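Below you'll find the structure, written out as structure tokens, and then a few comments.
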Amino acid sequence: MSIYDTLNEQQRDAVFCTEGPLLLLAGAGSGKTRVLTHRIAYLIEEIGVNPYNIMAITFTNKAAAEMRERVDALVGFGSEHIWVSTFHSACVRILRQYIDLIGYDRHFTIYDTDDQKTVVRDVMKRLNIDKKQFPERSVLGAISKAKDELITPSEYEMQNRGKFRESQVAKIYTEYQKQLKANNALDFDDLLVKTVELFQFHPEVLEIFQNRLKYIMVDEYQDTNTVQFTFVSMLARKHRNLCVVGDDDQSIYKFRGANIYNILNFENIFKEATVIKLEQNYRSTQNILNAANEVIRNNKGRKAKRLWTENEAGEPIDFHQYETEYDEAQQVLNEIERKNRDGIAYKDMAILYRTNAQSRVLEEKFLLKNIPYKIVGGINFYSRKEVKDILAYLKVIDNGYDDLAVRRIINVPKRGIGATTINKVANYAFEQEMSFMDACREAYNIPTLKSAANKVLDFAAQIEGFRKVAANGTLVELFQAVTEGTGYLIDLQADDSEEAKARLENIDELLNKITEYELSAENPTLGELLEEIALVADVDSLDQSDDRVVLMTLHSAKGLEFPYVFLVGMEDGIFPSYMTLMSDDKDDIEEERRLCYVGITRAKQKLYISAAKHRMMHGRMQFNKVSRFVDEIPETLLALDRGVNLKSKDPAKSLFSTNRNMESRKPYYQRSQAKAKDFGFGSSASVDYEVGDTVSHVKFGRGVVVELVKGGRDYEVTVEFERVGRKKMFASFAKLKKV
DNA sequence: CTCCTTTGTCTTTTT
DNA sequence: GACAAAGGAG
């Protein structure tokens, strides 16, 4: 009896097929991670491959850690020598060793999306390009797309001669890239692009890695883009032992440049490739799987396959359309409570939604009911202002060329250095062709500065001081020097608002992170710490031993599974999103459908689908039809009756049919915004309290109404709360209850 | 230079 | 509603 006996025939074929290119088409829940880990074990134990010669690329750090753990359990030794990482971390690791060969300093900084925006904004200002006409989002999108396709600024310019918009973007792209280089910084895309460049211009470096990485495996291959593909195929060119695993039906990152042809054309590119399909699903019940199959069947561009399972039929899929998003949240939470009483652990239940914004209403209910939960994604911890400020200090200490970081902190906390002064220093730096930080150090040379020069010099001296601490002390000591030496902590401590308290907590949390890093890393350095922070995804921190209900977007849920899954907000306009409904590109709706497929197949035992008839979106009441995807699930798989909560206050007025089935069969586009407005949720808004009444609020607790003003379509109510003081809010949002 | 208020814009998904 | 930019007062 060997460990391989537990695999099915196709899985075993995949494990034993170790030489040459291999394309593994692995449907959802077909045990691809099992195959990958067993394949690695087989390579090490049976073929005698040195773990050092194996590389596995995963999508998230969490998946990487998990894979290592599972291989470790199988082989018992050597797994720590396997190179398991994400694309981005792998590239950083290579670049930290060799990037000086292509003209960067090895202490480069990694820019996140916010940093990118700042650079684009600056560049556009300098080039005098109107940001109304060229929103930074779309400019960055174009740049990122170009990078994904390995198009350099000059190539981009040549390809777009004579096209006004594109040539403007080309100018921005060129300047943007120059700026990054000057700051000794790379954005996320650059990590890949620069590595490929390094390999192109320095084949000797490429060869080092080719010689080492004899067996390469890529997980979630359907979501790779052109640079990533180039990177991998360069590495694999020598030994050609490239195993890619993916499912074209789960390709959900086209917006990020994922190139589905990487998987669809793999056999054309690697002619000798073996192709193995894994179609038996071990995860979900028959009902769930059937629903998933029926939905995905509506897509045109896909490889033919049909997942099957030996699992039992299981319970039908629950579907409810509720009145509002609040009702929906309430009922979902009720069910979670019920299940928990029946002995289902919280961590076995997950709520999935299309957009992060949908988490807010749910979170409020969780707080109210005191059910443990964890929200993945959304506002990243590391993008909070106070955390970014402190990190900017650390970045400046690590890489003095990072002008962006310097400018962020030069007046934080307040040092009396205003915009005028900063511009003068920036101009001087530009004329002298030096970094902003170096210009600060020479502030006495800038005649126009006058008295401000001393303030700038003090700042430069302070950074110098921190550098000394960094050179001699621990990271925690450095952290303390920065937070205390700058007065950042004292300022916050002096302020006793709720907000300041929250900020202090976040700074504390950052200290925890740094302490933890310093304890666990073999050879902790400031650079590595910053890098680790730059490359973590929020899912990475998901600890599945915690007994909490998990809330996340469908995108984040890829690769995960839960016994009980709630798919909320299944409405046309939300999922599929309004943007894709409006798009002329038919592929967009197919991508949404794949996302739906991913969502459905996360569930092992039972799936709950729900929608709201109307909900507040962007500050307006929106009336949505049930998602077309729900319509694609055969009725026989759905349970529609039990516990339906149709609290329709006035059915006569209702423009939505009370019959949910009829509703979902109507053409989707007939809903008009004007009609929705006529219902005037706003104009009919009324409140059952008045000035002087005591009311209670979900978050703020008890308070007294001090003012009530009728606005255009809503009441504006001001309440003096016992705990948090005076707040002004709209009655329809506040949901105040008279006590 | 700083702080406050007002106004306008934008709303998908993320390494 | 969330946030950034702009405008205005001290």
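The chains referred to below are lettered A, B, ... by the order of the sequence lines, with proteins before strands, and numbering in each begins at 1. Bear in mind the structure is a predicted one, so any value in this text is a computation, not a measurement.
- When the side chain to side chain contact (heavy atoms under 4.5 Å, CB included) test is applied to A:Asn225, the partners found at least two apart in sequence or on another chain are A:Asp148, A:Val227, A:Gln228.
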How would DNA chain B look in dot-bracket form, 5' to 3', counting Watson-Crick and G-U wobble pairs with both distances under 3.5 Å and writing | for bases paired to another strand? ||||||||||.....
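- Using a 30° and 60° split on the angle between ring planes, A:Phe231 and A:Phe199 fall in the parallel class, below 30°.
- Taking the salt bridge (Lys or Arg N to Asp or Glu O under 4.0 Å) definition, one finds that A:Asp130 meets it with nothing, sequence neighbours left out.
- Residues meeting the ring pair (Phe, Tyr, Trp, His ring centres under 6.0 Å) test with A:Phe366, sequence neighbours left out: A:Tyr373.
- In this structure, A:Arg256 and A:Pro135 both approach DNA chain B, and ranking their closest nucleotides by distance from the 5' end singles out A:Pro135.
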Protein-to-nucleotide contact annotation, 5' to 3' order, nucleotides 3-10 of chain C [B base; S sugar-phosphate only; - none; under 4.0 Å, heavy atom]: --S-----
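- Considering only residues two or more places apart in sequence or on other chains, A:Tyr382 meets the ring pair (Phe, Tyr, Trp, His ring centres under 6.0 Å) condition with none of them.
- When heavy atoms are screened at a 4.0 angstrom cut-off, A:Ser556 is found touching the sugar-phosphate backbone but no base atom.
- Applying the side chain to side chain contact (heavy atoms under 4.5 Å, CB included) rule to A:Ser233 yields the partners A:Phe229, A:Phe270; only residues at least two apart in sequence or on another chain are considered.
- Residue A:Thr60 is classed as having no contact, given no heavy-atom separation below 4.0 Å to the nucleic acid.
- Remark: the A:Asp189 side chain and the A:Ser144 side chain contain an N/O donor-acceptor pair separated by less than 3.5 Å.
- Among residues two or more places apart in sequence or in another chain, the side chain to side chain contact (heavy atoms under 4.5 Å, CB included) test is passed with A:Ala28 by A:Gln250, A:Arg283, A:Leu307, A:Tyr597, A:Thr601, A:Arg602.
- Within 4.0 Å of A:Asp189, counting heavy atoms only, lies no atom of the nucleic acid at all.
- Counting 5' to 3', DNA chain B first comes under 4.0 angstrom of a heavy atom of chain A and last does so at the ends given by B:dC1 to B:dT15.
- Across the interface with DNA chain B, nearest-nucleotide mapping of A:His555 and A:Ala452 shows A:Ala452 to be the residue nearer the 5′ end.
- Under the rule for a side chain to side chain contact (heavy atoms under 4.5 Å, CB included), the partners of A:Glu66 that lie at least two apart in sequence or sit in another chain are A:Lys62.
- Residue A:Phe87 is classed as having no contact, given no heavy-atom separation below 4.0 Å to the nucleic acid.
- Applying the salt bridge (Lys or Arg N to Asp or Glu O under 4.0 Å) criterion to A:Arg256, with sequence neighbours excluded, gives no partner residue.
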Name the atoms and distances for all side-chain donor-acceptor pairs under 3.5 Å in residues 415-423 of chain A, with sequence neighbours left out.
residue, atom, partner, partner atom, Å
A:Arg415, NH1, A:Tyr393, OH, 3.2
A:Arg415, NH1, A:Ile409, O, 2.9
A:Arg415, NH1, A:Ile410, O, 3.0
A:Arg415, NH2, A:Tyr393, OH, 2.6
A:Arg415, NH2, A:Gln462, OE1, 2.9

